[in-house]
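Here's the structure we're looking at; comments come further down.
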Amino acid sequence: MAEIVPFYGVLPAPVFASRVAALPYDVYNREEARECASKDRLSFLNIDRPETQFDPSQDMYAPEVYQKADEMLQEEIAEGIFVQDPEKNYYIYELTMEGRSQTGLVACASIDDYIHNVIKKHENTRPEKEEDRVHHVDACSAQTGPIFLAYHRDERVAAVITRTKRGKPIFDFISEDGVRHRGWRISDTSDIIEICGAFSAIDRLYIADGHHRAASAVRVGLQRRAKYHDYEGDEEFHYFLSVLFPDDELLIMDYNRIVKDLNGLSVPEFLTQIGESFEVAPCDSAQKPQKKGDVTMYLDSRWYRLTLKPQYRSEDPVMGLDVSALQRYLIGPVLDIQDPKWNRRIDFVGGIRGLSELERLVDQEGWAVAFAMYPTSIDELFAVADAGLLMPPKSTWFEPKLRSGLFLHLFER
(Lines give C-alpha, C1' and ligand atoms only; values in the text may rest on other atoms or scores of the structure.)
Protein backbone atom coordinates (compact mmCIF):
# COMPACT_ATOMS: atom_id res chain seq x y z
CA MET A 1 0.00 0.00 0.00
CA ALA A 2 1.17 3.54 -0.71
CA GLU A 3 3.07 5.53 1.89
CA ILE A 4 2.40 9.21 1.26
CA VAL A 5 3.69 11.43 4.05
CA PRO A 6 3.64 15.12 5.04
CA PHE A 7 6.93 17.03 5.10
CA TYR A 8 8.61 20.22 6.25
CA GLY A 9 7.84 22.24 3.16
CA VAL A 10 10.23 24.91 1.96
CA LEU A 11 8.13 27.48 0.10
CA PRO A 12 8.85 30.86 -1.42
CA ALA A 13 7.62 33.75 0.68
CA PRO A 14 4.22 34.68 -0.84
CA VAL A 15 5.50 37.96 -2.25
CA PHE A 16 8.12 36.05 -4.29
CA ALA A 17 6.08 33.03 -5.42
CA SER A 18 5.23 34.29 -8.90
CA ARG A 19 8.85 35.26 -9.59
CA VAL A 20 10.29 32.01 -8.28
CA ALA A 21 7.93 29.63 -10.10
CA ALA A 22 9.56 28.19 -13.23
CA LEU A 23 8.72 25.64 -15.86
CA PRO A 24 10.50 22.27 -15.47
CA TYR A 25 14.22 22.35 -16.18
CA ASP A 26 13.97 19.85 -19.05
CA VAL A 27 11.61 21.83 -21.29
CA TYR A 28 14.53 24.10 -22.27
CA ASN A 29 17.66 23.54 -24.30
CA ARG A 30 20.84 25.18 -23.01
CA GLU A 31 20.43 28.44 -24.91
CA GLU A 32 16.76 28.79 -23.98
CA ALA A 33 17.52 28.12 -20.32
CA ARG A 34 20.21 30.82 -20.24
CA GLU A 35 17.93 33.38 -21.87
CA CYS A 36 14.97 32.61 -19.63
CA ALA A 37 16.96 32.47 -16.39
CA SER A 38 18.56 35.84 -17.11
CA LYS A 39 15.18 37.59 -17.05
CA ASP A 40 14.80 37.31 -13.27
CA ARG A 41 17.42 36.27 -10.74
CA LEU A 42 14.68 34.75 -8.57
CA SER A 43 13.43 32.41 -11.28
CA PHE A 44 14.01 28.91 -9.97
CA LEU A 45 15.42 28.00 -13.35
CA ASN A 46 18.67 29.61 -12.18
CA ILE A 47 18.96 26.89 -9.52
CA ASP A 48 17.49 24.08 -11.59
CA ARG A 49 19.88 24.82 -14.46
CA PRO A 50 22.95 26.21 -12.66
CA GLU A 51 25.10 26.17 -15.80
CA THR A 52 23.27 29.39 -16.68
CA GLN A 53 25.47 31.11 -14.08
CA PHE A 54 28.66 30.28 -15.96
CA ASP A 55 30.25 31.13 -19.27
CA PRO A 56 28.59 29.24 -22.17
CA SER A 57 31.79 27.22 -22.63
CA GLN A 58 31.51 25.76 -19.11
CA ASP A 59 30.98 22.00 -18.85
CA MET A 60 27.40 21.94 -17.58
CA TYR A 61 27.96 18.64 -15.79
CA ALA A 62 31.06 19.67 -13.83
CA PRO A 63 30.97 19.39 -9.99
CA GLU A 64 31.27 23.15 -9.53
CA VAL A 65 28.07 23.66 -11.52
CA TYR A 66 26.01 21.53 -9.15
CA GLN A 67 27.74 23.14 -6.18
CA LYS A 68 26.61 26.51 -7.53
CA ALA A 69 23.00 25.31 -7.41
CA ASP A 70 23.38 24.49 -3.72
CA GLU A 71 25.05 27.82 -2.99
CA MET A 72 22.24 29.77 -4.64
CA LEU A 73 19.57 27.75 -2.84
CA GLN A 74 21.19 28.26 0.56
CA GLU A 75 21.64 31.98 -0.13
CA GLU A 76 17.98 32.41 -1.00
CA ILE A 77 16.91 30.53 2.12
CA ALA A 78 19.17 32.82 4.18
CA GLU A 79 17.68 35.89 2.45
CA GLY A 80 14.14 34.81 3.30
CA ILE A 81 13.14 34.21 -0.31
CA PHE A 82 12.39 30.63 0.78
CA VAL A 83 10.99 29.76 4.20
CA GLN A 84 10.79 26.33 5.80
CA ASP A 85 7.62 25.41 7.67
CA PRO A 86 8.25 24.42 11.29
CA GLU A 87 5.79 21.49 11.17
CA LYS A 88 5.16 18.71 8.71
CA ASN A 89 2.23 19.44 6.41
CA TYR A 90 0.57 18.30 3.26
CA TYR A 91 -0.05 20.98 0.65
CA ILE A 92 -2.45 21.55 -2.22
CA TYR A 93 -1.41 22.76 -5.67
CA GLU A 94 -4.17 23.83 -8.08
CA LEU A 95 -3.53 24.77 -11.70
CA THR A 96 -6.21 26.35 -13.90
CA MET A 97 -5.75 26.62 -17.67
CA GLU A 98 -8.45 27.94 -20.00
CA GLY A 99 -11.10 27.57 -17.31
CA ARG A 100 -10.21 23.98 -16.45
CA SER A 101 -8.68 23.16 -13.05
CA GLN A 102 -6.76 20.21 -11.68
CA THR A 103 -5.83 19.93 -8.03
CA GLY A 104 -2.94 17.90 -6.67
CA LEU A 105 -1.81 16.87 -3.22
CA VAL A 106 1.78 17.90 -2.53
CA ALA A 107 3.46 15.28 -0.36
CA CYS A 108 6.43 12.95 -0.18
CA ALA A 109 6.36 9.44 -1.62
CA SER A 110 8.47 6.53 -0.42
CA ILE A 111 11.55 5.36 -2.30
CA ASP A 112 10.62 1.83 -1.19
CA ASP A 113 7.26 2.14 -2.93
CA TYR A 114 9.19 3.05 -6.09
CA ILE A 115 11.55 0.09 -5.65
CA HIS A 116 8.74 -2.37 -4.94
CA ASN A 117 6.58 -1.14 -7.84
CA VAL A 118 3.78 0.31 -5.75
CA ILE A 119 4.69 3.40 -7.78
CA LYS A 120 4.37 2.17 -11.34
CA LYS A 121 6.41 3.38 -14.30
CA HIS A 122 5.71 3.41 -18.02
CA GLU A 123 8.98 4.81 -19.38
CA ASN A 124 12.68 3.95 -19.32
CA THR A 125 15.15 6.62 -18.27
CA ARG A 126 18.19 7.77 -20.20
CA PRO A 127 21.40 7.33 -18.15
CA GLU A 128 22.85 10.77 -18.89
CA LYS A 129 19.63 12.58 -17.96
CA GLU A 130 19.25 10.54 -14.78
CA GLU A 131 22.89 11.14 -13.82
CA ASP A 132 22.46 14.90 -14.18
CA ARG A 133 19.59 15.00 -11.69
CA VAL A 134 21.39 12.63 -9.30
CA HIS A 135 24.22 15.15 -9.06
CA HIS A 136 21.80 18.05 -8.67
CA VAL A 137 19.71 16.41 -5.93
CA ASP A 138 22.82 15.18 -4.14
CA ALA A 139 24.58 18.55 -4.22
CA CYS A 140 21.53 20.44 -2.96
CA SER A 141 20.31 17.73 -0.55
CA ALA A 142 16.91 18.66 -1.89
CA GLN A 143 14.30 17.69 -4.42
CA THR A 144 13.44 20.89 -6.24
CA GLY A 145 11.06 19.65 -8.94
CA PRO A 146 8.10 17.47 -7.99
CA ILE A 147 7.34 14.12 -9.55
CA PHE A 148 3.90 14.15 -11.18
CA LEU A 149 1.98 11.15 -9.81
CA ALA A 150 -1.56 9.98 -10.56
CA TYR A 151 -3.95 7.79 -8.62
CA HIS A 152 -7.49 6.49 -8.86
CA ARG A 153 -9.72 9.11 -7.27
CA ASP A 154 -10.34 8.67 -3.54
CA GLU A 155 -13.30 10.44 -1.93
CA ARG A 156 -11.61 10.77 1.47
CA VAL A 157 -8.72 12.68 -0.05
CA ALA A 158 -11.09 14.71 -2.22
CA ALA A 159 -13.14 15.76 0.81
CA VAL A 160 -10.10 17.11 2.67
CA ILE A 161 -8.89 18.97 -0.40
CA THR A 162 -12.31 20.50 -1.06
CA ARG A 163 -12.64 21.64 2.54
CA THR A 164 -9.13 23.11 2.65
CA LYS A 165 -9.62 25.03 -0.58
CA ARG A 166 -12.38 27.07 1.06
CA GLY A 167 -9.66 28.86 3.02
CA LYS A 168 -7.26 31.54 1.88
CA PRO A 169 -4.49 30.29 -0.43
CA ILE A 170 -0.84 30.69 0.50
CA PHE A 171 -0.08 31.81 -3.07
CA ASP A 172 -2.27 32.86 -5.97
CA PHE A 173 -0.87 34.17 -9.25
CA ILE A 174 -1.18 33.88 -13.02
CA SER A 175 1.97 32.92 -14.91
CA GLU A 176 3.02 34.37 -18.24
CA ASP A 177 1.27 31.60 -20.16
CA GLY A 178 -2.07 32.43 -18.57
CA VAL A 179 -2.15 29.52 -16.11
CA ARG A 180 -3.41 30.34 -12.63
CA HIS A 181 -1.49 28.76 -9.75
CA ARG A 182 -2.87 28.51 -6.23
CA GLY A 183 -1.64 26.68 -3.16
CA TRP A 184 -2.91 25.81 0.31
CA ARG A 185 -1.41 24.25 3.43
CA ILE A 186 -3.03 21.21 5.08
CA SER A 187 -1.90 21.45 8.69
CA ASP A 188 -4.87 20.15 10.68
CA THR A 189 -3.84 16.94 12.45
CA SER A 190 -7.11 15.12 11.73
CA ASP A 191 -6.86 16.00 8.01
CA ILE A 192 -3.28 14.75 7.89
CA ILE A 193 -4.31 11.47 9.52
CA GLU A 194 -7.24 11.14 7.11
CA ILE A 195 -5.06 11.58 4.02
CA CYS A 196 -2.34 9.28 5.33
CA GLY A 197 -4.95 6.60 6.04
CA ALA A 198 -6.60 7.01 2.65
CA PHE A 199 -3.37 6.43 0.75
CA SER A 200 -2.44 3.47 2.95
CA ALA A 201 -5.46 1.76 1.36
CA ILE A 202 -4.39 2.59 -2.21
CA ASP A 203 -2.28 -0.18 -3.69
CA ARG A 204 -0.78 1.61 -6.68
CA LEU A 205 0.33 5.03 -7.86
CA TYR A 206 1.51 5.97 -11.34
CA ILE A 207 4.25 8.25 -12.59
CA ALA A 208 2.53 10.49 -15.10
CA ASP A 209 5.59 12.66 -15.71
CA GLY A 210 9.02 12.90 -14.12
CA HIS A 211 10.58 9.45 -14.52
CA HIS A 212 14.10 10.88 -14.49
CA ARG A 213 13.44 13.00 -11.40
CA ALA A 214 11.95 10.00 -9.60
CA ALA A 215 14.79 7.65 -10.51
CA SER A 216 17.42 10.17 -9.44
CA ALA A 217 15.67 10.90 -6.13
CA VAL A 218 15.57 7.18 -5.37
CA ARG A 219 19.24 6.73 -6.23
CA VAL A 220 20.27 9.57 -3.94
CA GLY A 221 18.06 8.15 -1.18
CA LEU A 222 19.82 4.79 -1.49
CA GLN A 223 23.20 6.52 -1.43
CA ARG A 224 22.23 8.27 1.81
CA ARG A 225 21.14 4.95 3.29
CA ALA A 226 24.59 3.59 2.54
CA LYS A 227 26.21 6.69 4.03
CA TYR A 228 24.07 6.63 7.17
CA HIS A 229 23.96 2.86 7.58
CA ASP A 230 22.50 3.19 11.10
CA TYR A 231 19.49 5.16 9.85
CA GLU A 232 16.22 4.98 11.78
CA GLY A 233 13.85 4.84 8.80
CA ASP A 234 12.05 8.15 9.22
CA GLU A 235 14.78 10.34 7.73
CA GLU A 236 13.75 12.65 4.91
CA PHE A 237 16.05 10.97 2.38
CA HIS A 238 13.72 7.96 2.33
CA TYR A 239 11.11 10.10 0.56
CA PHE A 240 10.82 12.24 -2.55
CA LEU A 241 8.74 15.28 -3.47
CA SER A 242 5.56 14.55 -5.42
CA VAL A 243 2.31 16.11 -6.53
CA LEU A 244 -0.47 13.53 -6.72
CA PHE A 245 -3.51 14.09 -8.95
CA PRO A 246 -6.72 12.05 -9.16
CA ASP A 247 -7.12 10.40 -12.53
CA ASP A 248 -10.40 12.14 -13.38
CA GLU A 249 -8.81 15.60 -13.31
CA LEU A 250 -5.86 15.00 -15.61
CA LEU A 251 -5.60 16.27 -19.16
CA ILE A 252 -3.37 14.44 -21.61
CA MET A 253 -2.89 16.29 -24.86
CA ASP A 254 -1.86 14.91 -28.22
CA TYR A 255 1.85 14.44 -28.90
CA ASN A 256 2.25 14.90 -32.64
CA ARG A 257 4.88 13.79 -35.14
CA ILE A 258 6.69 15.50 -38.00
CA VAL A 259 9.00 13.81 -40.51
CA LYS A 260 11.67 15.39 -42.70
CA ASP A 261 11.14 13.39 -45.91
CA LEU A 262 9.00 10.71 -47.54
CA ASN A 263 11.83 8.15 -47.74
CA GLY A 264 12.30 8.79 -51.47
CA LEU A 265 8.63 8.29 -52.32
CA SER A 266 6.49 10.65 -54.36
CA VAL A 267 3.29 11.90 -52.75
CA PRO A 268 1.11 9.47 -54.77
CA GLU A 269 3.44 6.56 -53.95
CA PHE A 270 3.40 7.49 -50.27
CA LEU A 271 -0.41 7.66 -50.17
CA THR A 272 -0.64 4.29 -51.91
CA GLN A 273 1.68 2.61 -49.44
CA ILE A 274 -0.02 3.94 -46.32
CA GLY A 275 -3.35 2.87 -47.83
CA GLU A 276 -2.35 -0.73 -47.23
CA SER A 277 -2.91 -0.34 -43.47
CA PHE A 278 -5.03 2.81 -43.20
CA GLU A 279 -8.18 4.09 -44.82
CA VAL A 280 -7.16 7.45 -46.31
CA ALA A 281 -9.66 10.27 -46.89
CA PRO A 282 -9.03 13.95 -47.70
CA CYS A 283 -10.25 16.57 -45.20
CA ASP A 284 -11.81 19.88 -46.23
CA SER A 285 -9.77 21.75 -43.61
CA ALA A 286 -7.40 21.25 -40.68
CA GLN A 287 -8.93 18.73 -38.29
CA LYS A 288 -7.86 16.99 -35.12
CA PRO A 289 -8.59 13.28 -34.85
CA GLN A 290 -12.01 12.75 -33.29
CA LYS A 291 -11.60 9.26 -31.86
CA LYS A 292 -9.11 6.56 -30.97
CA GLY A 293 -7.79 4.84 -34.09
CA ASP A 294 -7.79 8.02 -36.18
CA VAL A 295 -4.81 10.15 -37.21
CA THR A 296 -4.92 13.31 -39.29
CA MET A 297 -2.03 14.01 -41.62
CA TYR A 298 -0.77 17.19 -43.26
CA LEU A 299 0.97 16.52 -46.54
CA ASP A 300 1.62 18.66 -49.60
CA SER A 301 -0.57 21.52 -48.26
CA ARG A 302 -3.53 19.22 -47.64
CA TRP A 303 -5.05 17.44 -44.64
CA TYR A 304 -6.04 13.76 -44.68
CA ARG A 305 -7.77 11.51 -42.20
CA LEU A 306 -6.15 8.11 -41.63
CA THR A 307 -8.16 5.34 -39.96
CA LEU A 308 -6.40 2.12 -39.03
CA LYS A 309 -8.03 -0.84 -40.73
CA PRO A 310 -9.78 -3.27 -38.33
CA GLN A 311 -7.45 -6.18 -38.98
CA TYR A 312 -4.49 -4.19 -37.66
CA ARG A 313 -6.02 -3.13 -34.35
CA SER A 314 -4.78 -4.73 -31.15
CA GLU A 315 -6.04 -5.25 -27.60
CA ASP A 316 -2.49 -5.32 -26.26
CA PRO A 317 -1.94 -2.34 -23.88
CA VAL A 318 1.07 -1.10 -25.87
CA MET A 319 0.37 -2.32 -29.40
CA GLY A 320 -3.17 -0.95 -29.11
CA LEU A 321 -1.97 2.62 -28.62
CA ASP A 322 -2.45 4.94 -31.59
CA VAL A 323 1.19 6.04 -31.40
CA SER A 324 2.23 2.37 -31.59
CA ALA A 325 0.01 1.69 -34.59
CA LEU A 326 1.34 4.70 -36.47
CA GLN A 327 4.90 3.61 -35.78
CA ARG A 328 4.28 -0.06 -36.60
CA TYR A 329 2.31 0.38 -39.80
CA LEU A 330 3.49 3.68 -41.26
CA ILE A 331 6.52 5.41 -39.74
CA GLY A 332 8.55 2.19 -39.55
CA PRO A 333 7.74 0.31 -42.77
CA VAL A 334 6.86 3.20 -45.08
CA LEU A 335 9.19 5.96 -43.87
CA ASP A 336 11.93 3.58 -42.64
CA ILE A 337 12.27 5.19 -39.21
CA GLN A 338 12.75 2.16 -36.99
CA ASP A 339 13.82 3.90 -33.78
CA PRO A 340 12.03 7.24 -33.43
CA LYS A 341 13.75 7.97 -30.13
CA TRP A 342 17.09 8.53 -31.86
CA ASN A 343 16.34 9.13 -35.54
CA ARG A 344 16.80 12.78 -36.52
CA ARG A 345 14.38 12.51 -39.43
CA ILE A 346 11.50 12.59 -36.97
CA ASP A 347 10.57 15.10 -34.30
CA PHE A 348 7.70 15.57 -31.86
CA VAL A 349 5.41 18.54 -31.27
CA GLY A 350 3.27 18.99 -28.17
CA GLY A 351 -0.42 19.39 -28.83
CA ILE A 352 -0.47 22.66 -26.90
CA ARG A 353 1.05 24.25 -30.02
CA GLY A 354 -1.93 23.38 -32.20
CA LEU A 355 -2.43 22.26 -35.79
CA SER A 356 -1.23 25.60 -37.14
CA GLU A 357 2.25 24.78 -35.86
CA LEU A 358 2.23 21.52 -37.82
CA GLU A 359 1.21 23.43 -40.95
CA ARG A 360 3.96 25.99 -40.37
CA LEU A 361 6.63 23.34 -39.94
CA VAL A 362 5.65 21.63 -43.20
CA ASP A 363 4.96 24.76 -45.26
CA GLN A 364 7.81 26.95 -44.00
CA GLU A 365 10.43 24.86 -42.20
CA GLY A 366 11.06 22.09 -44.69
CA TRP A 367 9.38 19.14 -43.00
CA ALA A 368 7.62 16.78 -45.41
CA VAL A 369 4.66 15.46 -43.43
CA ALA A 370 2.97 15.93 -40.05
CA PHE A 371 0.76 13.57 -38.09
CA ALA A 372 -1.77 14.84 -35.53
CA MET A 373 -2.57 12.17 -32.94
CA TYR A 374 -5.63 11.43 -30.84
CA PRO A 375 -4.47 11.85 -27.21
CA THR A 376 -3.45 8.81 -25.22
CA SER A 377 -5.91 8.40 -22.33
CA ILE A 378 -5.02 8.15 -18.66
CA ASP A 379 -6.66 4.70 -18.64
CA GLU A 380 -4.31 3.59 -21.41
CA LEU A 381 -1.33 4.88 -19.43
CA PHE A 382 -2.52 3.00 -16.33
CA ALA A 383 -3.05 -0.21 -18.35
CA VAL A 384 0.48 -0.10 -19.75
CA ALA A 385 1.99 0.53 -16.31
CA ASP A 386 -0.15 -2.17 -14.66
CA ALA A 387 1.08 -4.67 -17.25
CA GLY A 388 4.68 -3.76 -16.45
CA LEU A 389 5.19 -2.52 -20.00
CA LEU A 390 6.65 0.65 -21.49
CA MET A 391 4.99 3.38 -23.51
CA PRO A 392 6.52 4.27 -26.88
CA PRO A 393 8.57 7.48 -26.88
CA LYS A 394 6.58 10.71 -26.75
CA SER A 395 3.20 9.11 -26.07
CA THR A 396 1.81 11.68 -23.63
CA TRP A 397 1.88 15.45 -23.25
CA PHE A 398 0.49 16.77 -19.98
CA GLU A 399 -0.76 20.31 -19.58
CA PRO A 400 -0.51 22.50 -17.64
CA LYS A 401 3.07 21.95 -16.51
CA LEU A 402 3.84 21.88 -12.80
CA ARG A 403 6.07 24.76 -11.76
CA SER A 404 9.34 24.13 -9.98
CA GLY A 405 10.32 26.14 -6.91
CA LEU A 406 6.88 26.43 -5.32
CA PHE A 407 7.50 23.46 -3.02
CA LEU A 408 10.92 22.13 -2.02
CA HIS A 409 11.83 19.10 0.05
CA LEU A 410 15.15 19.23 1.94
CA PHE A 411 16.78 16.18 3.46
CA GLU A 412 19.82 15.23 5.51
CA ARG A 413 23.24 16.11 4.16
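Just so we're clear, the structure is a prediction, and the values are computed from it rather than from any experiment.
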Are any non-hydrogen side-chain atoms of Thr296 and Tyr374 less than 4.5 angstrom apart? no
Let me see the working for Arg49 and Glu51 under salt bridge (charged side-chain N to carboxylate O under 4.0 Å, His left out), right down to the final yes or no. CA-CA 6 Å; Arg49 295 289 294 269; Glu51 79 277 7; 2.7 Å; yes
Going by atom types only, do Ser377 and Asp379 share a side-chain donor-acceptor pair under 3.5 Å? no
Check for a donor-acceptor pair, side chain of Lys309 on one end and backbone N or O of Gly275 on the other, with a separation under 3.5 Å. yes
Considering non-hydrogen atoms only, spot the tightest contact between Ser404 and Gly145 and give its length. OG-CA, 3.9 Å
Shortest non-hydrogen contact from Val83 toward Gly80: CG2-O, 3.9 Å
Looking only at side-chain N and O atoms, does Ser141 offer a donor or acceptor that is under 3.5 Å from a partner on Arg224? yes
Distance in Å, Asp261 CG paired with Trp367 CH2, rounded so as to fall on 0.5 Å steps: 9.5 Å
Between Val349 and Arg353, what is the shortest heavy-atom contact and its length? CG1-CD, 3.9 Å
Whether Arg225 and Asp112 form a salt bridge (side-chain N of Lys/Arg under 4.0 Å from carboxylate O of Asp/Glu) is what I want to check. yes
Taking atom types as modelled, find out whether Tyr239 and Glu3 have a side-chain donor-acceptor pair closer than 3.5 angstrom. yes
Residues 188-197 vs salt bridge (charged side-chain N to carboxylate O under 4.0 Å, His left out), sequence neighbours excluded, gives Arg156-Glu194, Arg163-Asp191
Working to the nearest 0.5 Å, report the span between NZ of Lys88 and CZ of Phe7. 10.5 Å
Separation between CD (Glu236) and CG (Leu410), nearest 0.5 Å, reads 9.0 Å
If you round to the nearest 0.5 Å, how far is CG of Asn256 from CD1 of Ile352? 11.5 Å
Please determine, by modelled atom types, if Asp85 and Tyr91 share a side-chain donor-acceptor pair under 3.5 angstrom. yes
NZ/NE/NH1/NH2 to OD/OE distance under 4.0 Å, Lys165 and Glu94: yes
Describe, in one word, how the ring planes of His135 and Tyr66 are oriented to each other, choosing from parallel (under 30°), tilted (30 to 60°) and perpendicular (over 60°). tilted
Ring-ring centroid check Phe407 Phe171, cutoff 6.0 Å: yes
Assess, by modelled atom type and distance only, whether the side chains of Tyr8 and Asn89 contain a donor and an acceptor separated by less than 3.5 Å. no
Less than 6.0 Å separating the ring centroids of Phe398 and Phe148? yes
Checking Glu79 against Arg41 for the salt bridge (charged side-chain N to carboxylate O under 4.0 Å, His left out) test, could you report, in this order, the C-alpha distance in whole Å, the side-chain angles of both residues, the deciding distance, and whether it holds? CA-CA 13 Å; Glu79 293 173 14; Arg41 78 172 186 89; 3.5 Å; yes
Would you say the ring centroid of Tyr329 lies under 6.0 angstrom from that of Phe278? no
State whether a side-chain donor-acceptor pair under 3.5 Å links Ser110 with His238. no
Verify whether one side chain among Gln338 and Asn343 offers a donor that lies under 3.5 Å from an acceptor in the other. no
Rounded distance [0.5 Å steps], CZ in Arg345 versus CD1 in Ile331: 10.5 Å
Using 4.0 Å as the upper bound for N to carboxylate O, is an ion pair formed by Glu128 and Arg126? yes
More than 12 non-hydrogen atoms from neighbouring residues, nucleotides or ligands closer than 6.0 Å to CD on Gln311, yes or no? yes
Closest non-hydrogen atom pair, Val118 against Met1: CG1-C, 4.2 Å
Contacts of Tyr25 meeting ring pair (Phe, Tyr, Trp, His ring centres under 6.0 Å) (sequence neighbours excluded), chain-then-number -> none
Is it true that Gln58 and Glu64 share a donor-acceptor pair across their side chains at a distance under 3.5 Å? yes
Rounding to 0.5 Å, atoms CD (Glu35) and CZ (Arg30) come to a distance of 15.0 Å
Go through the side-chain N and O atoms of Arg403 and Ser175 and say whether any donor and acceptor fall under 3.5 Å apart. yes
Between Ser187 and Ile192, which heavy-atom pair has the shortest distance, and what is it? O-CD1, 3.9 Å
Can you confirm whether the side chains of Glu130 and His212 place a donor and an acceptor under 3.5 Å from each other? no
Any side-chain to backbone donor/acceptor pair from Trp184 onto Gly167? Under 3.5 Å, distance only. yes
For Thr376 and Asp322, which I'm curious about, is there any donor-acceptor pair between the side chains at under 3.5 Å? no
Correct closest heavy-atom pair for Leu406 and Leu11 would be O-CG, 3.5 Å
In terms of ring plane angle, is the pair Tyr255 and Trp397 parallel, tilted or perpendicular, where the classes change at 30° and 60°? perpendicular
May I ask you to check whether Gln287 and Arg305 show a side-chain donor-acceptor distance below 3.5 Å? yes
Examine His152 together with Phe382 and report whether their ring centres are nearer than 6.0 Å. yes
